S.K.: 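Handing you a structure now.
Bear in mind that the values here come from a model prediction, so they are computed numbers and not experimental data. Note on naming: letters A, B, ... go to the chains in the order of the sequence lines (proteins, then strands), and numbering restarts at 1 for each one.
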Number of protein chains: 2
Amino acid sequence: MARKIGSSSEITGPRIRDAALRLFARHGFASVSMRQIAAEVGVQAGALYLYTADKQALLFDLMQDHMTDLLCALQALPQCSDPAAQLDQFARFHIGYHLDRPDAVFIAYMELRSLSADNFAAIESLRRRYEDHLQGILIEGAAKGRFIFGDAKMTTLALIAMLTGVTNWYREGGRLSRADVQTLYADMALRAVSVAIE
Amino acid sequence: MARKIGSSSEITGPRIRDAALRLFARHGFASVSMRQIAAEVGVQAGALYLYTADKQALLFDLMQDHMTDLLCALQALPQCSDPAAQLDQFARFHIGYHLDRPDAVFIAYMELRSLSADNFAAIESLRRRYEDHLQGILIEGAAKGRFIFGDAKMTTLALIAMLTGVTNWYREGGRLSRADVQTLYADMALRAVSVAIE
DNA sequence: TCTTGAATTGAACGGGCATTCAGATAAGTT
DNA sequence: AACTTATCTGAATGCCCGTTCAATTCAAGA
């Protein structure tokens, strides 16, 4: 037997990417074999190579799409001029976006070292753009005298690490709701740069 | 040829653990082969099994020793009663300890999913004890009216994620000194729970 | 209905994997 | 110097890896 009934690239392609995303997130890129991904989709390993050049490209595409989508969604946020409102919005956005895509986020932070040098550089530059957005908010807030903090770059990285950490423990249906978590993290971020809350 | 000149378990044992620590941190547990570790030490792969039951035990021992040492060092800190001083001390300790052992820390946070179920539970329980220490400081500070925050458990995890994030970017000899970084992170932690700085 | 090309199989390739173990050699002890 | 024991080799075992490709079958347009 060869071509399967009901088969089409519009179905198999996304199914491969979904399976790879889930398996990479759960077990790690290096531990997942092409055969495992294929089995999840219900095809033979060879069929994967109609949809990706190789395993590395599969990982890179997943990461690049995630980062691109993230930057797009960030761009689409409504503008506001008050620094505290901007930081609050950023924190809520980051938490919400990350809680919606736990697997993609996990991969984007854990599998950087599985990328080839070129691919790593490409992803790092996208990530850098995201960080720069937050850093811009912090610097503007400091210039306007609304924020106080020690070092803009370090504070940026510390805040992003803090916010991203939510994916390590948050589970749907737990003690705290999504909105609770967004508020609590946003408030912590604001206080961390000396904005009084309540 | 068989036994090598100058060979002894007191030398080879630690060298194997050092090599494994460095290689696991750099390339990931799943990507590192026993042959690579052996080559780093200058010995054949079979010799590793005089020092570890298998590859999984090698990882587990590294992680367990790291967590045990961390808890020991935490215990050894001088006691103080002021909540703000306690949090400041904890933040400085965490940053300093983690900057001293980047490889061990990296493995302890990245390779949890490479552990067997039993080993994972053991490491998680050690990590839980560390988190509980910080949570105790936060709860006591809130009870004394010195700290304000939304939720103790969540704040604990957020602070630890923020502090641990330092290992992602700090490099010896960079723009900020070790002491700078400790001060900046400690101040952010304090502000995040509403303690006024300066 | 026939033809074309998209989709997939299944086998094969060369290689690396963790782990085991009999045999060999050096270190240490008497 | 002789003996014991700790240490290590090197080959072997059985398995899984990523990737390729000729052959095959289905879908869809003419």
S.K.: Less than 4.5 Å apart, side chain to side chain, heavy atoms only: is that true for A:T183 and A:D180?
M.R.: no
S.K.: Does this structure show an ion pair linking B:R113 with A:E111, if we count only N-O contacts that are shorter than 4.0 Å?
M.R.: yes
S.K.: Separation of B:Q56 atom CD from C:dA18 atom C1', in whole Å?
M.R.: 13 Å
S.K.: Over 60° means perpendicular and under 30° means parallel, so tell me whether A:Y130 and A:F93 are parallel, tilted or perpendicular.
M.R.: tilted
S.K.: Kindly state which residues belonging to residues 11-29 of chain A come within less than 4.0 angstrom of DNA chain D, counting heavy atoms of the residue only, listed by number.
M.R.: none
S.K.: So that I know where these two stand, are B:Y109 and A:Y109 an aromatic pair - ring centroids less than 6.0 Å apart?
M.R.: no
S.K.: Report which part of the nucleic acid B:V41 touches: base, sugar-phosphate, or nothing (heavy-atom distance under 4.0 Å, all strands).
M.R.: nothing
S.K.: Which atom names give the shortest non-hydrogen contact between A:V195 and A:R146, and what distance separates them?
M.R.: CG2-O, 3.8 Å
S.K.: Please give, in whole Å, the distance from D:dT7 P to B:R3 CZ?
M.R.: 6 Å
S.K.: Anything under 30° is parallel, anything over 60° is perpendicular, the rest tilted; go ahead and classify B:H66 against B:Y97.
M.R.: tilted
S.K.: Flag yes if more than 12 heavy atoms outside A:R178 fall under 6.0 Å of its CZ atom; otherwise flag no.
M.R.: yes
S.K.: Do any side-chain nitrogens or oxygens of B:S7 fall under 4.0 Å of OP1 or OP2 in C:dA26?
M.R.: no
S.K.: What is the distance from CE of A:M34 to C1' of C:dG10, rounded to the nearest Å?
M.R.: 17 Å
S.K.: Using heavy-atom distances to pick each residue's nearest nucleotide on DNA chain C, tell me which of B:S8 and A:K4 is more 5'.
M.R.: A:K4
S.K.: Using heavy atoms and a sub-4.0 Å distance, could you list which residues of residues 42-53 of chain B are near DNA chain D? By number, please.
M.R.: B:V43, B:Q44, B:G46, B:A47, B:L50, B:Y51
S.K.: Would you please confirm or rule out a distance under 4.0 Å between OP1 or OP2 of D:dT7 and any side-chain N or O of B:S9?
M.R.: yes
S.K.: With a 4.5 Å cut-off on side-chain heavy atoms, are A:K153 and A:E131 touching?
M.R.: yes
S.K.: Starting the side chain at C-beta, find the nucleotide from C:dA26, D:dC8, C:dT19 nearest to B:I5.
M.R.: C:dA26
S.K.: Is there a chain of hydrophobic side chains (I, L, V, M, F, W, Y, each step under 4.5 Å between heavy atoms) that links B:Y170 to B:M110?
M.R.: no
S.K.: Base of C:dG16, side chain of B:R35 - is there a donor-acceptor contact under 3.5 Å?
M.R.: no
